[in-house]
Structure formats: structure tokens, C-alpha cells
Protein chains: 2
Amino acid sequence: MKLKREFEVLEGLTGLGIDLAKTASSSDIIYDALRDGIISGQIKAGESLRQEHVAKLFNVSRIPVREALNRLEAQGLVQSLRYKGYVVSLLSPADVEEIYEVRATLEPMVIEKSVAMMTPETLEEARKYCELFSSETDSSKWGEWNRLFHGALYKDAKRPFHLKLIGEAIDRVDSYIRAQLVLTNGMEKARKEHLEILAACVEGDGELAGKRTRKHILGSYKVLRKYLDNQ
Amino acid sequence: MKLKREFEVLEGLTGLGIDLAKTASSSDIIYDALRDGIISGQIKAGESLRQEHVAKLFNVSRIPVREALNRLEAQGLVQSLRYKGYVVSLLSPADVEEIYEVRATLEPMVIEKSVAMMTPETLEEARKYCELFSSETDSSKWGEWNRLFHGALYKDAKRPFHLKLIGEAIDRVDSYIRAQLVLTNGMEKARKEHLEILAACVEGDGELAGKRTRKHILGSYKVLRKYLDNQ
DNA sequence: ATAACGTAGATTGTATACAATATTCAATAT
DNA sequence: ATATTGAATATTGTATACAATCTACGTTAT
């Protein structure tokens with residue numbers, strides 16, 4: 001009984017518990033860091049990733065580094081040749097176009113489904129990120145607000161597989177998305193289009209939100225393409 | 001000069017060279033084997049994969065086993081909890097439906113693009129797999145011929161990213177595809193529909209091939225769904 | 001001078017060793 | 001009898017050690 005009472009006392013902590021089984025391992029942390037570095041462009045395409053170098057950076061052995069690299073390779077962010085090492089994947093112009101096509105296909109599907117189930121809290125969250133994106137003066141943060149805005153609009157769809165694929169697609173072109181926002185007039189255009197997408201969601205018109213999302217993605221690709229062609 | 005002559009002699013081997021850098025490592029082989037086992041259903045969903053057990057199976061240490069498991073997890077085929085180990089991913093009915101939806105979206109896009117660039121050799125290859133599928137009496141091989149048939153029809157599209165996503169989607173539901181063929185009247189229906197899809201490709205009508213592919217996928221899902229509901 | 005070779009050092013892939021955590025089950029308390 | 005504890009065992013995560021392979025560069029032969 002004494003013990004049972006102790007347990008009951010702990011019931012007061014309901015909701016405060018943290019699932020320590022989901023705690024990040026070394027390789028998880030290294031994976032996240034490398035992924036962030038790659039998708040942000042801090043680690044450039046074509047750059048090679050020496051295991052020992054990364055290991056020293058994180059003060060660990062090569063084992064967790066290799067595990068992180070294996071996951072990144074499965075996702076396509078790096079490539080490896082046996083005994084030669086890992087290199088950040090290169091994207092051809094055709095690759096970029098193809099990935100934008102996938103985004104323009106999947107993201108409208110998801111937002112349409114999401115709008116049908118969208119909670120007021122989600123709308124509020126999306127509005128918040130939309131505003132943060134619009135008012136951000138530090139251009140290095142535009143990419144992040146942009147992604148959080150769209151992510152909020154997708155989450156109620158309850159489409160984990162779609163979201164996984166969309167996430168992988170965005171990861172592959174994330175540095176291009178940021179460049180498009182910063183180096184072209186993309187930011188101004190995106191600000192307007194985000195408001196239009198958000199409005200469609202508020203109206204509960206999923207189909208319209210989907211159409212606008214598709215146009216938003218394809219339009220940003222055209223701007224990007226024009227920019228890249230002129231380099 | 002002597003050495004140069006030796007090299008010139010070797011020119012006779014042009015085309016016979018094999019890129020040994022692409023040779024499979026232990027972890028590659030283990031990855032392939034586990035993937036095959038999981039997608040075929042030999043290793044069942046929910047089953048846990050003890051590292052030591054797998055390592056003994058292949059007569060290696062746990063290191064390459066863990067690398068294979070990391071890649072499988074990135075692909076979604078297994079899931080892990082820190083210090084608890086790896087488990088073959090479970091699919092809810094909603095997951096299965098979602099993945100079939102992705103297939104029904106992406107595969108028509110790819111076949112349409114593929115048909116526009118399809119070579120006679122590819123058509124011949126597809127015809128071959130179509131025939132092998134139709135005439136196969138060993139039902140355990142239907143899944144393989146089926147996948148090879150569709151794969152042949154997609155390959156000329158030159159859409160590596162689409163194909164990667166489609167491959168991952170099919171991997172996740174591969175055991176369901178096989179079950180649908182073997183445990184329902186799916187084989188008979190598939191045989192007919194394959195011929196129709198192939199005919200559209202021969203005609204060079206990519207849009208029609210796409211529409212028929214979409215119908216093929218959604219139809220097989222409906223049969224599968226009905227079968228699963230009656231279990 | 002140029003091309004092939006060979007060796008030293010660098011880098012990767014995997015085995016072994018050890019530390020951290022989980023699981024099991026007998027012993028104990030209620 | 002049931003619930004809880006704690007020690008023994010099992011399993012995982014990572015460090016270290018070593019073997020396989022690659023890379024760079026000086027040496028040799030032509």
C-alpha cells in the first residue's frame with residue numbers, strides 16, 4: 001500500500017513525463033547537424049565528409065558518424081563509394097526541376113486534405129508563421145519561416161507518408177528555395193502568395209488552397225530557373 | 001614503351017571492365033537481404049531484429065548490421081527505440097491506403113513521361129516481363145514479374161527522384177501487392193490490365209498509359225481493401 | 001622528360017571490447 | 001496472492017583496434 005500510495009502521488013505529474021526512450025543518441029544529433037548543414041548550404045554540394053574530421057567536431061568516434069552518414073545516404077543527401085568516402089550530393093538542373101515537380105504534385109494534395117480537417121489552432125499557427133515570414137528582416141531566416149508556414153498548413157492532413165516524401169523533396173532543394181527567396185524578388189512574391197493560400201484555408205476551400213500552392217511552387221521554380229540560367 | 005604496349009593490349013578488354021568501387025560491402029549485402037526479407041513478408045511486420053542474431057546469420061560483427069538497420073530505418077521499413085532495438089514497421093490500413101494513393105499519383109506521371117521517350121528495346125523488355133508474369137505458374141513469383149514489368153515501363157522517363165519515391169512506396173506495400181495477386185482474383189485482372197497498359201505504350205499514347213496505370217493501381221487497392229475488410 | 005612502379009601515409013570498413021540501458025526473474029514485503 | 005525490489009542476464013550504443021584499400025609522391029626505367 002505504501003508503494004501504491006507513492007505511485008498515486010506521482011499521478012500528479014501526469015503529462016509532465018518525457019519519453020526518455022526517444023532521447024537522441026550521438027548519431028541522431030550528428031545526423032541532424034549534418035542534415036542542417038547540408039540543406040542550408042553551409043556544407044556545399046560536392047564537399048567531401050571525412051569521418052575522422054566530423055568525429056573530432058563532435059568529440060566522438062567514427063562509429064556514430066558513420067551511422068549518421070548511412071542515413072543521409074539513404075535519404076539521398078550524400079553519396080558514397082566504398083573506401084573512398086562520402087560526398088554531399090550534387091543536383092543537376094534536371095534534378096532540381098524534377099524535385100520541384102514532385103513538390104508541385106504532392107503538396108497540393110496534402111493541403112487540400114488538410115484544410116478539410118484544419119483546426120482553429122492550426123490556422124492560428126499558420127497565421128503566426130506567415131506574419132513572422134513577412135516581417136522578418138534577417139533574410140537568412142526566411143527559409144525557416146517559409147518552411148514552418150507550409151508545414152503548419154500540411155500537418156492536419158494526417159498523411160505521414162506524403163509528409164515524409166515532401167520533407168525529403170524539400171530537403172534536397174532547400175538551399176535553392178532559400179536562394180530563390182534571398183537572391184531574387186521571390187520574397188515579395190511569396191509574401192503575397194502566402195496570404196492568398198492562407199485566405200483559401202480560412203475559407204475552408206481546400207481545392208483553391210491546393211491550386212494556389214501548386215502555382216506558388218511552380219512560380220518559384222520559374223523564378224529560380226530564370227535566375228540560375230542567368231548565372 | 002614496354003608498359004605502354006601492355007596497356008594497349010588491355011584495350012581489348014574495353015567494355016569488360018567492372019567498377020570495383022561499386023562492389024557491395026557487408027552492410028550493403030545485409031541491407032539487401034533484410035530489405036528483401038521485409039518487403040516479401042518473410043520477416044513479418046512487428047518482428048524484432050536482434051543485432052547479434054542477424055550478425056551471426058551473416059557471420060559478421062554487429063557493426064555492418066547496425067549500418068544496414070540505420071538505412072532501413074531511414075527508408076521507413078524498420079523503426080527503433082534507443083536501447084530497445086529495431087522492429088519491422090507496422091502499417092495501419094490508413095497507411096496502406098495513403099501509400100497506394102501516392103503510387104496512383106506518381107506512377108502515371110512517370111509512365112506518361114517514359115512513353116514519350118520509350119525505345120523499342122524497352123518495349124521488348126516490358127513485353128517479356130508481361131509474358132513471364134502471365135505465364136508464370138509459381139504464384140510466389142508473380143510479385144517479382146509484376147514489379148519488373150512496371151519498372152521497365154518507367155525507366156525511360158529519366159526521373160530518378162520519382163523512381164526513388166515510387167520504389168520506396170512499393171517497398172512499403174510490396175507484401176500487400178503480392179497478397180492481392182495471390183489471395184484474390186487479382187492475377188487475372190492484372191494480366192488483362194497489363195496488356196492494356198502495354199498496348200497504350202506501343203501506341204505511344206502516354207496519357208492513356210498513365211490513366212490505365214492509375215486505374216490499375218486504384219483497382220488493385222480496392223480489391224485488396226475488400227479482401228482485408230473480410231478478414 | 002615522361003610514364004610506370006612502389007612505398008608511406010591517409011582513409012575507410014569491420015571486429016572486438018566496454019559502457020549504458022533494458023529485461024527477466026527470484027526474493028521480499030505487503 | 002500480489003506488487004515491488006534488486007541482482008543477473010541480455011541487448012544496445014560507442015570507443016578502440018586492426019585490416020583493407022586508396023592517395024600522394026619520390027624513385028626508377030626508358
Side-chain angles (χ1 to χ4, degrees), chain A residues 1-11 17-34 46-74 78-88, chain B residues 1-11 13 17-34 43 46-74 78-88:
Chain A
M1 282 305 125
K2 180 186 125 238
L3 298 163
K4 187 137 197 173
R5 221 178 63 235
E6 279 182 26
F7 178 69
E8 280 163 2
V9 165
L10 284 173
E11 284 300 297
I18 294 172
D19 187 351
L20 292 176
K22 285 175 186 157
T23 298
S25 64
S26 307
S27 69
D28 290 333
I29 292 165
I30 294 165
Y31 169 82
D32 286 340
L34 290 179
E47 198 167 320
S48 76
L49 298 165
R50 300 279 149 224
Q51 297 170 16
E52 192 69 40
H53 178 241
V54 177
K56 273 180 185 154
L57 231 56
F58 291 91
N59 193 33
V60 295
S61 75
R62 286 187 298 122
I63 298 290
V65 173
R66 288 178 57 80
E67 299 201 347
L69 290 170
N70 269 293
R71 291 190 247 171
L72 290 168
E73 185 171 28
V78 306
Q79 292 178 312
S80 77
L81 286 176
R82 196 158 142 80
Y83 292 117
K84 292 200 173 177
Y86 290 80
V87 175
V88 178
Chain B
M1 282 304 127
K2 179 189 123 233
L3 298 163
K4 185 137 200 175
R5 222 179 60 235
E6 280 182 21
F7 178 70
E8 280 163 3
V9 165
L10 284 173
E11 284 301 297
L13 297 177
I18 293 173
D19 187 352
L20 292 176
K22 286 174 188 161
T23 298
S25 64
S26 307
S27 69
D28 290 333
I29 292 165
I30 295 165
Y31 169 82
D32 286 339
L34 290 179
I43 309 174
E47 198 167 319
S48 77
L49 298 167
R50 301 276 150 229
Q51 297 171 15
E52 192 70 38
H53 179 241
V54 177
K56 272 179 186 154
L57 229 57
F58 291 90
N59 193 33
V60 294
S61 75
R62 287 186 297 124
I63 299 290
V65 173
R66 288 178 57 81
E67 299 202 347
L69 289 171
N70 270 293
R71 291 190 247 171
L72 291 168
E73 185 172 28
V78 306
Q79 293 178 313
S80 77
L81 286 176
R82 195 158 144 80
Y83 291 116
K84 292 202 171 177
Y86 290 80
V87 175
V88 179

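This structure is a prediction, so every number in the text was calculated from the model and none was measured. The sequence lines fix the lettering, A, B, ..., with proteins before strands; numbering per chain opens at 1.
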Colleague: What nucleotide among dA15(C), dT14(C), dG13(C) has an atom nearest to a side-chain atom of S27(B)?
Modeller: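 So the side chain of S27(B) is nearest to dT14(C).
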Colleague: Rounded to whole Å, how long is the line connecting atom CZ of R66(B) with atom P of dG13(C)?
Modeller: 16 Å
Colleague: Select base, sugar-phosphate, or nothing to describe what R50(B) touches, counting heavy atoms under 4.0 Å on all strands.
Modeller: sugar-phosphate
Colleague: Would you mind reading off the distance between N70(A) atom CG and dT14(C) atom C1', rounded to a whole angstrom?
Modeller: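 About 13 Å, once rounded to whole Å.
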Colleague: Are OP1 or OP2 of dG13(D) and a side-chain N or O of S25(A) less than 4.0 angstrom apart?
Modeller: no
Colleague: Does the distance from a Lys or Arg side-chain N to an Asp or Glu carboxylate O, for R71(A) and D28(A), drop under 4.0 Å?
Modeller: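 Salt bridge: yes.
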Colleague: Is the shortest side-chain N/O distance from S26(B) to OP1 or OP2 of dT14(C) below 4.0 Å?
Modeller: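 Looking at the OP1 and OP2 atoms of dT14(C), one of them is under 4.0 Å from a side-chain N or O of S26(B).
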Colleague: Output the rounded distance in Å from CD (Q51(A)) to C1' (dA15(D)).
Modeller: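 Rounded to the whole Å, the gap is 14 Å.
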Colleague: In terms of the nearest nucleotide of DNA chain D, which residue is placed more toward the 5' end: R62(A) or Y83(B)?
Modeller: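 Its nearest nucleotide lies further toward 5', so the answer is Y83(B).
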Colleague: Give the rounded distance in Å between these two atoms: NZ of K84(B) and C1' of dA10(D).
Modeller: 14 Å
Colleague: Do the non-hydrogen side-chain atoms of V78(B) and E73(B) ever get within less than 4.5 Å of each other?
Modeller: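 Counting from C-beta outward, V78(B) and E73(B) do come under 4.5 Å.
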Colleague: Round to the nearest Å and state the distance from E67(A) atom CD to dT14(C) atom C1'.
Modeller: 13 Å
Colleague: Applying the side chain to side chain contact (heavy atoms under 4.5 Å, CB included) test to R62(A), which of Q51(A), H53(A), R50(A) qualifies?
Modeller: Q51(A)
Colleague: Send over the distance from E52(B) CD to dT23(C) P, rounded to a whole Å.
Modeller: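 In whole Å, dT23(C) P lies 18 Å from E52(B) CD.
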Colleague: Scan L72(B), L34(B), L49(B) and name whichever one has a side chain to side chain contact (heavy atoms under 4.5 Å, CB included) with V88(B).
Modeller: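 Checked L72(B), L34(B), L49(B) against V88(B); only one passes side chain to side chain contact (heavy atoms under 4.5 Å, CB included): L49(B).
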Colleague: Between dA19(C) atom P and R82(B) atom CZ, what is the distance in whole Å?
Modeller: 17 Å
Colleague: Once you round it to whole Å, what is the distance between C1' of dA19(D) and CD1 of I63(B)?
Modeller: 15 Å
